[in-house]
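These numbers come from a predicted model, not from an experiment. In the text below, chain A, chain B and the rest are named by the order of the sequence lines, each starting its count at 1. Basis for what follows: all heavy atoms, side chains included, without hydrogens, waters or symmetry-related copies.
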2 protein chains.
Amino acid sequence: MDTKLLIINIATKLFQQKGYIGVGLNEILKECGISKGSLYHHFPNGKEELLMACLHSLNEAITGDIKEIFEGHSTTKEATNAMIEKLIVNFEAEGTLSGYTFSSIVSEMASLSDSVRKACTKLYSEIQTIYFHKLVADGFTNEEASSIALMITASIEGAMLLCLMQKTMEPLQVVSQLLPQILETRRS
Amino acid sequence: MDTKLLIINIATKLFQQKGYIGVGLNEILKECGISKGSLYHHFPNGKEELLMACLHSLNEAITGDIKEIFEGHSTTKEATNAMIEKLIVNFEAEGTLSGYTFSSIVSEMASLSDSVRKACTKLYSEIQTIYFHKLVADGFTNEEASSIALMITASIEGAMLLCLMQKTMEPLQVVSQLLPQILETRRS
DNA sequence: ACTAAAAAACAGACCGGTTGGTATGTAGGA
DNA sequence: TCCTACATACCAACCGGTCTGTTTTTTAGT
């Protein structure tokens with residue numbers, strides 16, 4: 001049981017860094033220090049089953065993180081800024097923020113595997129749900145909250161892509177700076 | 001010379017759809033109806049040289065498109081909405097908007113090839129420059145314009161990722177609806 | 001408590017197929 | 001007679017996946 005968890009954790013990290021196709025089974029095996037027989041014992045349906053397990057694990061890790069931050073701040077504005085701040089700190093410390101996104105998996109697999117696509121959709125949907133509830137608590141209508149939650153997700157995800165590309169945290173900083181304007185809409 | 005262009009066009013399309021690693025040379029050759037010798041005649045340094053040529057071609061196509069739209073509208077607000085509208089129309093017509101993004105290439109290659117990463121950075125930078133000039137013409141200061149240009153890029157890119165994933169154009173519609181709030185900042 | 005059978009966990013050789021890349025050859029125009 | 005443009009055969013390396021065998025742990029019978 002411990003081995004299965006090890007495989008998931010390492011594979012998750014690799015998939016986030018290099019994408020699904022970009023990581024070979026042998027690389028995962030080597031990094032885990034296990035054999036092919038062991039992997040196929042825990043994941044009889046091979047690589048894609050492993051990916052699904054990784055996405056599931058990622059789901060809990062990411063939504064758990066975000067929930068914690070959003071419970072610790074009174075408004076969406078403060079919470080999102082704290083969240084982005086955490087991303088930036090992590091980026092400075094670890095030199096990457098690939099642990100907080102999986103856009104590489106999405107863009108690779110969206111057109112190839114429907115089940116993977118749906119799993120990713122579910123993940124983003126759960127993240128937006130957290131934003132949504134906080135926004136409603138802030139006084140926004142359901143429709144406004146839904147739109148704003150999507151906007152937050154899109155801009156942060158896009159900013160992370162730009163950060164990874166230009167190896168700067170400037171995009172996330174700018175987004176953190178401009179997002180409040182969206183959050184200061186007059187409520188109806 | 002015609003063959004080289006054919007290769008670039010088809011390879012560009014495939015790279016955008018499935019990413020760099022996701023497309024094999026054989027697939028490109030088959031789609032082009034040419035042989036391996038022909039490809040390596042035009043691109044002696046192989047796949048990565050072809051990718052660079054594709055990125056260059058993409059650069060001109062995308063920035064050309066955006067320039068045209070931005071010249072045809074008086075304000076940044078109108079232009080961005082028209083641009084997103086065009087994306088949505090294209091999405092409805094062709095069922096995909098992978099022709100307007102290359103996030104799959106970015107997220108795959110950002111950590112693998114520095115030259116590819118830099119080429120992508122240049123491309124995004126040129127796009128943001130177009131936004132920037134229009135924003136300055138709108139009356140924003142240089143710093144404001146720079147920030148807003150980045151925000152437009154990030155949110156649209158993030159929205160495109162979400163659209164491709166959930167096979168809906170809702171994310172782009174929402175972004176198009178909320179972006180004006182950023183563009184109505186009081187100018188200093 | 002001791003043991004033997006059964007099951008779970010793991011190891012490694014092997015498979016056909018595909019990968020990007022190379023080397024050699026040829027058709028055709030200048 | 002070159003040189004460009006293309007075609008073909010071939011290469012080692014690697015891909016995901018299967019197979020068989022071995023070790024380790026759990027379970028069951030006495």
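Contact check on B/Glu126 versus B/Lys122 returns a salt bridge, with a Lys/Arg side-chain nitrogen under 4.0 Å from an Asp/Glu carboxylate oxygen. Residues A/Asp65 and A/Lys86 are paired through a salt bridge, judged by an N-O separation under 4.0 Å between the basic side chain and the carboxylate.
Side-chain atoms of A/Lys36 and base atoms of D/dG17 include a donor and an acceptor less than 3.5 Å apart.
Rounded to an integer number of Å, the gap from CD of B/Glu49 to P of C/dG20 is 15 Å. Rounded to whole Å, atom C1' of C/dC14 lies 14 Å from atom OH of A/Tyr40. Separating the CG atom of A/Leu25 from the P atom of C/dG12 is a distance of 16 Å, rounded to the nearest angstrom. With rounding to whole Å, A/Leu51 atom CG is found 12 Å from D/dG16 atom P. What separates NE2 of A/His42 from C1' of D/dT24 is a distance of 13 Å, to the nearest Å. One interatomic measurement links the two molecules: CD1 of B/Ile21 to P of D/dG16, which rounds to 11 Å at whole-angstrom precision. What separates CG of B/Asn45 from P of C/dG20 is a distance of 15 Å, to the nearest Å. Rounding to whole angstrom units, CG of residue B/Leu5 and P of D/dC6 are separated by 12 Å.
Nucleic acid contact for A/Gly37: base, since at least one base atom lies under 4.0 Å from a heavy atom of the residue. Counting non-hydrogen atoms under 4.0 angstrom, B/Ile34 reaches the backbone sugars and phosphates but no base.
Place A/Pro44 and A/Asn26 on DNA chain D by their nearest nucleotides, and A/Asn26 ends up nearer the 5' end.
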I'd like a table of donor-acceptor pairs (distance under 3.5 Å, sequence neighbours excluded) in which one partner is a side-chain atom from residues 164-177 of chain B, with atom names and distances.
{"residue": "B/Gln166", "atom": "NE2", "partner": "B/Glu170", "partner atom": "OE1", "Å": "3.3"}
{"residue": "B/Thr168", "atom": "OG1", "partner": "B/Gln166", "partner atom": "O", "Å": "3.0"}
{"residue": "B/Ser176", "atom": "OG", "partner": "B/Asn81", "partner atom": "OD1", "Å": "3.1"}

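Taking the six-membered ring for Trp, B/Phe140 and B/Tyr131 have ring centres at least 6.0 Å apart.
Phosphate proximity of D/dC6 to B/His41: absent, as no side-chain N or O sits under 4.0 Å from OP1 or OP2. An OP1 or OP2 oxygen of D/dA5 is reached within less than 4.0 angstrom by no side-chain nitrogen or oxygen of B/Thr3.
Distance alone, capped at 3.5 Å, places no donor-acceptor pair between the A/Gln16 side chain and the A/Phe102 backbone.
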